[in-house]
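Below you'll find the structure, written out as structure tokens, and then a few comments.
If you're wondering where the values come from, they're calculated on a predicted model, not measured in any experiment. Read the numbers this way: they start at 1 and go in the same order the structure lists the ligands and their atoms. Counting from 1, the numbers follow the sequence of the chain as shown.
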Amino acid sequence: MGRLQNKVALITGTGGGQGRAAALRFAREGAIVVGCDFVAAGHEETAALMQAEGFTLYGSAPVDLGDHEQAKAWIDAAVAEHGRIDILYNNASAAKFGLVHELSIEDWHYTIRNEIDLLFYTTKYAWLHLAEQRGVIINVSSTAAWGGSKAAGISAHSAAKGAVVSFTRQLAVEGAAVGVRAVSISPGFIATPGTRPFLENREVRAMLLDGVLMDRPGEPEEVVNLAVFIASDEASFITGSDFVIDGGLLAV
Ligand SMILES: NC(=O)c1ccc[n+]([C@@H]2O[C@H](COP(=O)([O-])OP(=O)(O)OC[C@H]3O[C@@H](n4cnc5c(N)ncnc54)[C@H](O)[C@@H]3O)[C@@H](O)[C@H]2O)c1
């Protein structure tokens, strides 16, 4: 019996590095996984990987969760097909970077839209279904919520990820009244198909890993290990917390 047996888990960004690892692992733990991504090819690759293991990736792509109507349609379709939502894993995000005086207004709004607006939309539309199940929300923040970066201009990203943490705390407060837990995860640098090319350049790698006590990036599966625990009944006394998983970056 898996740790998430028969739970209906909605995972966003299933075309990306951590979303793919989460979809595979949650299915292995017995969950019924509903995914989406605004890049259809990535989501379909994940579906194929799951199928090779005998699992189904439900949901659809492309879905742009920064558009509240598409977010609602994705949630409604999941409930129509599976009858309930036990876990909402808000993993998807997209950001633009640049030094604060160079960052365009468009890039600022793009980041806020795709890192925090989308969390509000999925949460808003899933909320009453989660309350029916006494379910759990996992929101993916970042160490960018907790400290700046010398390597890149992350002002919009850090503002959005800081908002993810504080949004989660308020969800925990409102959720306690109806049995919904809300928890955020703040990963440090994680090697994904998107970030791996940067790691191949020795200088860039050193800059990105500066201060990481373990002197390596994290793997998507390591973040997902934590998410499985938070999503499971083993974490029944945990709500409102943020869990940093960063190889020791914030320890110094
Ligand atoms: N990779 C890292 O180093 C790192 C570090 C800290 C936090 N994070 C966070 O972890 C989460 C997962 O990121 P990842 O590393 O797997 O990156 P990724 O880019 O591989 O995956 C993110 C996925 O979200 C999708 N997405 C983005 N905006 C969307 C939207 N509006 N609608 C639907 N899908 C959308 C993308 O298409 C992509 O497939 C993100 O919230 C990210 O900010 C990543």
Side-chain angles (χ1 to χ4, degrees), residues 10-25 34-47 57 59-75 88-97 109-122 137-147 149 151-152 154 156-165 167-168 184-199 204-205 207-209 212 216-224 226-227 242-247 249-250:
L10 272 62
I11 303 176
T12 68
T14 38
Q18 294 178 55
R20 172 169 299 166
L24 279 159
R25 176 71 192 280
V34 183
C36 72
D37 204 293
F38 65 10
V39 179
H43 173 86
E44 278 150 22
E45 271 174 39
T46 304
L57 177 59
S60 55
V63 173
D64 179 0
L65 295 171
D67 171 347
H68 64 90
E69 288 176 355
Q70 291 187 45
K72 182 174 189 308
W74 178 65
I75 299 276
L88 173 63
Y89 187 166
N90 279 317
N91 161 78
S93 84
K96 302 270 187 185
F97 303 101
H109 286 300
Y110 176 93
T111 305
I112 299 301
R113 175 190 193 275
N114 292 302
E115 295 218 295
I116 184 68
D117 288 356
L118 79 182
L119 251 77
F120 168 60
Y121 301 149
T122 53
I137 297 186
I138 301 173
N139 291 328
V140 182
S141 178
S142 165
T143 47
W146 301 107
S149 169
I154 61 164
H157 178 55
S158 54
K161 291 301 191 179
V164 171
V165 174
F167 179 63
T168 306
S184 58
I185 297 180
S186 289
F189 196 79
I190 307 299
T192 61
T195 61
R196 242 177 253 280
F198 298 109
L199 295 166
V204 176
R205 180 188 167 93
M207 209 160 56
L208 290 170
L209 297 183
V212 177
R216 67 168 178 86
E219 293 298 325
E221 290 75 13
E222 293 179 300
V223 177
V224 172
L226 177 58
D242 180 73
F243 287 84
V244 172
I245 171 163
D246 67 349
L249 175 72
L250 297 185

Distance-minimising heavy-atom pair for Gly188 and Thr143: CA-OG1, 3.5 Å
Do we see a donor-acceptor contact under 3.5 Å between the side chains of Trp146 and Asp246? no
Could you tell me if the side chain of His157 sits less than 4.5 Å from the side chain of Ser149, heavy atoms only? no
Apply side-chain contact (heavy atoms from CB on, under 4.5 Å) to Tyr110 and list each qualifying residue two or more places apart in sequence or on a separate chain. Phe38, Ala94, Lys96, Asn114
Heavy-atom nearest pair, Arg196 first then Ala191, reads NH2-O, 3.4 Å
Can you pull the residues with any heavy atom under 4.0 Å from ligand 1? Gly13, Gly15, Gly16, Gly17, Gln18, Asp37, Phe38, Val39, Val63, Asp64, Leu65, Gly66, Asn91, Ala92, Ser93, Ala94, Asn114, Glu115, Leu118, Val140, Ser141, Ser142, Lys161, Pro187, Gly188, Phe189, Ile190, Thr192, Thr195
So, applying side-chain hydrogen bond (donor to acceptor under 3.5 Å, both in side chains) with Arg20, which one of Thr46, Asp37, Asn91 is it? Thr46
